[in-house]
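By convention here, the first residue in the shown sequence is residue 1.
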Amino acid sequence: MTGKVFPSPNHGDRRGQRPELVVLHYTGMTDGASARARLCDPAAQVSAHWLIDEQGAVEQLVCETRRAWHAGSGAWQGRGDVNSRSIGIEIVNPGDRPFGCAQMRALETLLAAIMARWQIPPSGVIAHSDLAPERKIDPGPRFDWESLAFQGFARFVRPRPDDPDPPLAPSLDRLGYPPSAPATRLAAFRLRHRPWGKGPETRADRQVAARLAAFGPV
């Protein structure tokens with residue numbers, strides 16, 4: 001897939017790694033121009049490979065063969081330096097509203113191309129909040145992971161009455177969530193898989209995590 005190119009200087013060598021993950025973010029900003037300016041500002045020292053603006057236009061900021069600076073500190077599946085082994089996609093959204101249909105359709109088209117190009121499975125498409133549960137919440141509870149999964153671009157399941165509900169922590173370990181306080185990991189898991197979940201851990205949380213874990217890292 002091609003789009004407009006706005007080269008960001010904020011990238012480096014992949015340190016011998018190749019893309020095996022796609023990390024989805026929201027920009028936390030109200031418009032694409034502001035987000036692009038920050039992601040291309042050398043003083044900001046932050047970037048992503050792709051930016052999807054509020055109208056669904058796709059812009060490339062960093063070549064996918066390069067290490068964009070989007071994930072920061074964190075880990076997934078027991079491995080750090082996520083920047084070196086991922087592709088970052090920033091979606092323009094301040095974090096307090098649903099993602100537009102045009103943005104989601106553009107994201108689906110972009111993901112189809114990236115996943116085919118790098119042989120990344122749906123389990124390799126994750127949230128920024130997954131890898132950095134103590135720091136990040138994006139793309140947040142308003143992002144429609146279920147729709148993305150329906151198209152084959154992510155993982156998402158709903159609990160069934162007869163699903164087992166083993167302890168949550170081992171399931172989250174198997175999925176890839178980094179060590180953190182139980183409440184922090186539960187919050188990160190819910191952002192990604194049960195955004196309507198509230199309060200203490202529930203049987204449904206354990207059921208969903210166990211179903212996902214049964215098929216390997218999410």
Side-chain angles (χ1 to χ4, degrees), residues 1 3 19-32 35 48-59 70-71 76 86-133 136-161 163 171-172 175-177 186-198 202 204-205 207-218:
M1 177 177 180
E20 58 187 44
L21 298 170
V22 179
V23 180
L24 303 186
H25 308 255
Y26 65 47
T27 60
M29 307 177 85
T30 57
D31 62 82
H49 295 90
W50 297 93
L51 174 67
I52 300 177
D53 77 7
E54 54 272 53
Q55 283 79 43
V58 176
E59 302 173 359
H70 62 97
W76 188 246
S86 68
I87 290 171
I89 302 175
E90 290 274 3
I91 308 167
V92 176
N93 187 298
D96 61 357
R97 63 197 63 173
F99 293 75
C101 290
Q103 287 183 312
M104 293 301 292
R105 300 296 83 76
L107 175 61
E108 291 166 4
T109 302
L110 179 58
L111 282 173
I114 292 171
M115 294 164 74
R117 189 156 47 241
W118 296 101
Q119 293 80 55
I120 297 173
S123 60
V125 180
I126 66 172
H128 198 188
S129 55
D130 287 331
L131 69 97
K136 297 294 181 178
I137 64 167
D138 59 311
R142 295 171 179 83
F143 185 78
D144 192 351
W145 285 102
E146 188 168 19
S147 172
L148 208 63
F150 182 78
Q151 301 296 327
F153 300 123
R155 293 276 306 282
F156 187 97
V157 300
R158 288 182 179 267
R160 298 175 299 203
D163 281 340
S171 294
L172 297 186
L175 292 177
Y177 285 90
L186 173 61
F189 173 74
R190 282 177 168 173
L191 277 172
R192 172 70 175 76
H193 295 285
R194 302 195 69 247
W196 50 83
K198 306 294 181 185
T202 67
D205 293 321
Q207 288 177 312
V208 169
R211 277 190 65 193
L212 290 165
F215 294 98
V218 62

Residues pairing under side chain to side chain donor-acceptor pair (under 3.5 Å) where one sits in residues 86-101, two or more places apart or in two chains, turn out to be His70-Ser86
Is Leu148 close to Leu111 at the side-chain level, that is, under 4.5 Å between some pair of heavy atoms? yes
Locate the shortest heavy-atom distance separating Asp144 from Met104; write the atom from each residue and the value. O-CE, 3.8 Å
What's the verdict on side-chain contact (heavy atoms from CB on, under 4.5 Å) for Leu107 and Leu24, showing C-alpha distance, side-chain angles and the deciding distance? CA-CA 10 Å; Leu107 175 61; Leu24 303 186; 4.1 Å; yes
Ignoring hydrogens and angles, tell me if any N or O in the side chain of Arg155 forms a donor-acceptor pair with the backbone of Leu212 under 3.5 Å. yes
Which atom of Ala127 lies closest to which atom of Pro139, heavy atoms considered: CB-CD, 3.5 Å
Can you pull out every salt bridge (Lys or Arg N to Asp or Glu O under 4.0 Å) where at least one residue sits in residues 98-107? Sequence neighbours excluded, please. Arg105-Glu108
Nearest heavy-atom neighbours spanning Pro122 and Gly152: CG-O, 3.3 Å
Backbone N/O of Pro159 and side chain of Gln207: donor-acceptor pair under 3.5 Å: no
Minimum side-chain heavy-atom gap Thr202-Arg190 below 4.5 Å: yes
Residues at least two apart in sequence or cross-chain that pass salt bridge (Lys or Arg N to Asp or Glu O under 4.0 Å) with Arg158, listed by chain then number, are Glu146
When you compare the side chain of Arg211 with that of Arg160, does any pair of heavy atoms fall below 4.5 Å? yes
Of all heavy-atom pairs linking His193 and Val208, the shortest is CB-CG1, 4.3 Å
Quick one: does His128's side chain have a donor or acceptor within less than 3.5 Å of a partner on Ala71's backbone? yes
With a 4.5 Å limit on heavy-atom distance, are the side chains of Ile114 and His49 in contact? no
First locate atom CD1 of Ile126, then atom CG of Leu21, and finally report the distance between them rounded to the nearest 0.5 Å. 5.0 Å
Any heavy-atom pair between the side chains of Asp130 and Leu175 that's under 4.5 Å? no
If you look at every heavy atom in Ala106 and Val58, which pair is closest and at what distance? CB-CG2, 3.9 Å
Calculate, to the nearest 0.5 Å, the distance between atoms CH2 and CG belonging to Trp76 and Leu131 respectively. 8.0 Å
Here the gap from Arg192 atom CZ to Arg194 atom CZ, rounded to the nearest 0.5 Å, amounts to 14.0 Å
Measure the shortest side-chain to side-chain distance between Val92 and Gln55 over non-hydrogen atoms and say whether it is less than 4.5 angstrom. no
Sequence-distant partners of Asp31, salt bridge (Lys or Arg N to Asp or Glu O under 4.0 Å), two or more places apart: none
CG-CD1 distance between Asp53 and Ile91, expressed to the nearest 0.5 angstrom: 11.5 Å
What one should report as the nearest heavy-atom pair of Ser129 and Ala188 is O-CB, 3.8 Å
Keeping to residues at least two apart or across chains, list the salt bridge (Lys or Arg N to Asp or Glu O under 4.0 Å) pairs with something in residues 120-129. none
In Å and rounded to the nearest 0.5 Å, what is the CG to CG distance from Leu51 to Leu110? 10.5 Å
Using ring pair (Phe, Tyr, Trp, His ring centres under 6.0 Å) as the criterion, list what pairs up with Phe143, not counting sequence neighbours. Phe99, Trp145
